[in-house]
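Heads up: the structure comes next, in structure tokens.
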Amino acid sequence: MLSGRAPPGVGDCCRRLLAATLRPLLCGLPPCWVTARRAAGQWPSPGLRVPEAAEAERLVQEVQRTGAPLRRFIACPQLARTVQRCLQGRASTGPQPVLLEFAPGPGILTRTLLNAGVRVVALESNSAFLPNLQSLENSLDGQLKVIYCDFFRLDPLVNGTLKPPAMSSDKLFETVGVAAVPWRADVPVKIFGILPQKKERNILWRLLFALYECSSIYRYGRVELNIFISEKEYKVLTAKPGEARSYQALTVLWQVGCEIQLLHMEPWSSFVTNLKNRGLAVPKSVWLPNDHLCLVRLTPQQNLFTGGLKPTNSATFIFMVKQCLAKPKSRLTDRLNSWSLDNGGKLLRELEIPKNAKTRNLYPEDYRRLFEALQNSNMFADAWFHDEVLGSIRNINL
């Protein structure tokens, strides 16, 4: 197969010219098409071989000897094609944002995305998977970039120099070549990955704090998350008011902050793990169904920071919601009274919220309206809002 490389001795300029000429001729397209695709952040399909599931599973099982924590991987080529179609589902005539794939492991989805012309940045924290990914990177012409990085250790709260695979989001985005954009602009970058089973809830909370504070990855704009989460957590994120157990503070805050779309549901058995016994280790759930992993798209709302909600006071909003739903069967008026808000009843009447409404019966937008009304009326007092309380609830989620 022609690679488009010039014979030995030809200068770099000639090699680039030859490559730009031969590749489009192979697919019957003019050279300017390649230039336009490159400028738009797109590449012609390189025709990479995607390993079959058994081959990918063998590679994952070899990694178990490194003592790596439990992870799940896409090993089935058919599932990889399904995910690729979900990630590219939005038709757009403009430049496509780069896709950051964290913890790609054997790279089955990585190769599928590359074959579809997607520009991919692979963030891999397990050194055992790096040689295969780096070899793939070296065989391409800039379409893939591999970085030794743990997505879940971005911006850790530590002093001093960060030791890889920990990394600051500033360094990551600078390396990738993604610049910050205004909040209401288009999505600057897409992120895909599978959340680790044991840290799933904590990661969702940490991402939530970053979203509302416009910190970490959200300093760069409305970053789009495409993540596989357990069906149990998906039910929590999309619960409706009044639903026992599933309607929680996490529900309200994610629904206020993001548009939540279910892209695909896949049985746990479709994914390969690096467990020694090759078991699924599916977390049991008594109260909510948990038979699938759910591919969920979380796109931050463009109007999130209009009105009274701002990154500077978002921690107060998070604290208020957590306090209200700590006892979901309690009445909202009782919660307001516990904050020494003597005219809480009047405030509820102005918001057209029933006086006897329970905290679990309020819609997410009701909580936002309540917060903004409290902000406008200067009813928040230092007597009930303490920095050390807020700090404690934030730290447990990091």
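Everything quoted here is computed from the prediction, not taken from an experiment. No hydrogens, no waters, no symmetry mates; every other heavy atom, side chains included, goes into these values.
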Exercise. Is there a donor-acceptor contact under 3.5 Å from the side chain of Glu372 to the main chain of Gly308?
Worked result: yes
Problem set entry | Arg72 side chain to Gln197 side chain, donor-acceptor N/O pair below 3.5 angstrom | yes
For this session: Consider only side-chain N and O atoms of Ser168 and Asp155, and report whether a donor and an acceptor are under 3.5 Å apart.
Result: no
Problem set entry | Main-chain N/O of Pro289 paired to Lys235 side chain as donor or acceptor, under 3.5 Å | no
For this session: Could you tell me whether the side chain of Val256 reaches within less than 4.5 Å of the side chain of Gln301, counting heavy atoms only?
Result: no
Exercise. Distance-only, no hydrogens or angles: does the Glu200 side chain make a donor-acceptor pair with backbone N or O of Ser230 under 3.5 Å?
Worked result: yes
Exercise. Side-chain contact, heavy-atom cut-off 4.5 Å: Pro196 with Leu70?
Worked result: no
Exercise. Side chains of Glu266 and His292: do they bring a donor and an acceptor to under 3.5 Å?
Worked result: no
Problem set entry | Side-chain (Arg153) to main-chain (Pro164) donor-acceptor, under 3.5 angstrom | no
For this session: Would you name the heavy atoms of Ala239 and Thr251 that are closest together and state the gap between them?
Result: O-CG2, 3.5 Å
For this session: Return the minimal non-hydrogen interatomic distance between Ser246 and Leu288, and the atom names on each side.
Result: CB-CD2, 3.9 Å
For this session: Please say whether more than 12 non-hydrogen atoms of neighbouring residues, nucleotides or ligands are located less than 6.0 Å from OH in Tyr148.
Result: yes
Problem set entry | Asp366 side chain vs Leu362 backbone, donor-acceptor pair below 3.5 Å | no
Exercise. Do Phe305 and Leu253 share a hydrophobic cluster (ILVMFWY, side-chain heavy atoms under 4.5 Å, transitive)?
Worked result: yes
Exercise. Does atom CD of Gln302 have more than 12 heavy-atom neighbours, drawn from other residues, nucleotides or ligands, at distances under 6.0 Å?
Worked result: yes
Exercise. Looking only at heavy atoms, which two atoms of Asn313 and Gln375 are closest? And how far apart?
Worked result: ND2-OE1, 3.7 Å
For this session: Would you please say whether a donor-acceptor pair under 3.5 Å links the side chains of Arg219 and Ser169?
Result: yes
Exercise. Counting distance only, does the side-chain N/O of Gln261 pair as donor-acceptor with the main-chain N or O of Leu263 below 3.5 Å?
Worked result: no
Problem set entry | Over all atoms of both residues, closest heavy-atom pair of Arg222 and Pro300 | NH1-O, 2.7 Å
Exercise. Just checking, any donor-acceptor pair under 3.5 angstrom between side chains of Gln61 and Glu57?
Worked result: no
Problem set entry | Any side-chain donor near an acceptor of the partner, Tyr234 and Asn290, under 3.5 Å | no
For this session: For Glu350 and Leu347, indicate whether the former's side chain and the latter's backbone hold a donor-acceptor pair under 3.5 Å.
Result: no
For this session: Taking atom types as modelled, find out whether Asn274 and Arg71 have a side-chain donor-acceptor pair closer than 3.5 angstrom.
Result: no
For this session: Inspect the contact between Glu52 and Arg58 and indicate whether a charged nitrogen and a carboxylate oxygen are less than 4.0 angstrom apart.
Result: no
For this session: Indicate whether the side chain of Asn226 and that of Glu224 have a donor and an acceptor atom separated by less than 3.5 Å.
Result: yes
Problem set entry | Geometric cation-pi criterion Lys322 and Trp205, 6.0 Å radius, 45° cone | yes
For this session: List the atom of Val60, the atom of Thr273, and the distance in Å for their closest heavy-atom pair.
Result: CG1-O, 3.5 Å
Exercise. Does Asn361 use its side chain to pair, donor to acceptor, with the backbone of Ala357 at less than 3.5 Å?
Worked result: no
Exercise. Given side chains that start at C-beta, do those of Ile217 and Phe173 come closer than 4.5 Å, heavy atoms only?
Worked result: yes
Exercise. Run the side chain to side chain contact (heavy atoms under 4.5 Å, CB included) check on His264 and Leu79 step by step: do they pass?
Worked result: CA-CA 10 Å; His264 182 68; Leu79 175 57; 4.2 Å; yes
Problem set entry | Any side-chain heavy-atom pair of Leu136 and Asn132 under 4.5 Å | no
For this session: Check whether any side-chain N or O of Ser135 sits under 3.5 Å from a backbone N or O of Pro131 as a donor-acceptor pair, and report yes or no.
Result: no
Problem set entry | Contact check, side chains of Trp254 and Leu208, non-hydrogen atoms, under 4.5 Å | yes
Problem set entry | Within the 6.0 Å centroid threshold, strictly below: Phe102 and Phe152 | yes
Exercise. About how many Å separate CD1 of Ile203 and CD1 of Ile229, when rounded to the nearest 0.5 Å?
Worked result: 11.5 Å
For this session: List the steps, then state whether side chain to side chain contact (heavy atoms under 4.5 Å, CB included) holds for Phe73 with Phe271.
Result: CA-CA 6 Å; Phe73 305 93; Phe271 299 85; over 6 Å; no
Exercise. How far does CG of Leu262 sit from CZ of Arg297, to the nearest 0.5 angstrom?
Worked result: 11.0 Å
Exercise. Judged by atom type as modelled, is there a donor-acceptor pair below 3.5 Å linking the side chain of Ser125 to the main-chain atoms of Asp150?
Worked result: no
Problem set entry | 4.5 Å side-chain heavy-atom contact, Phe129 and Leu59 | yes
Exercise. Under 4.5 Å between any side-chain heavy atoms of Pro51 and Arg111, yes or no?
Worked result: yes
For this session: Would you check if Asn303 and Arg184 make a side-chain contact, meaning some heavy-atom pair closer than 4.5 Å?
Result: yes
Problem set entry | Smallest separation among heavy atoms of Asn115 and Gly47, with atom names | OD1-N, 3.3 Å
Problem set entry | Trace of the ring-ring contact (aromatic ring centres under 6.0 Å, His included) decision for Phe209 with Tyr218 | CA-CA 10 Å; Phe209 275 107; Tyr218 294 105; over 10 Å; no
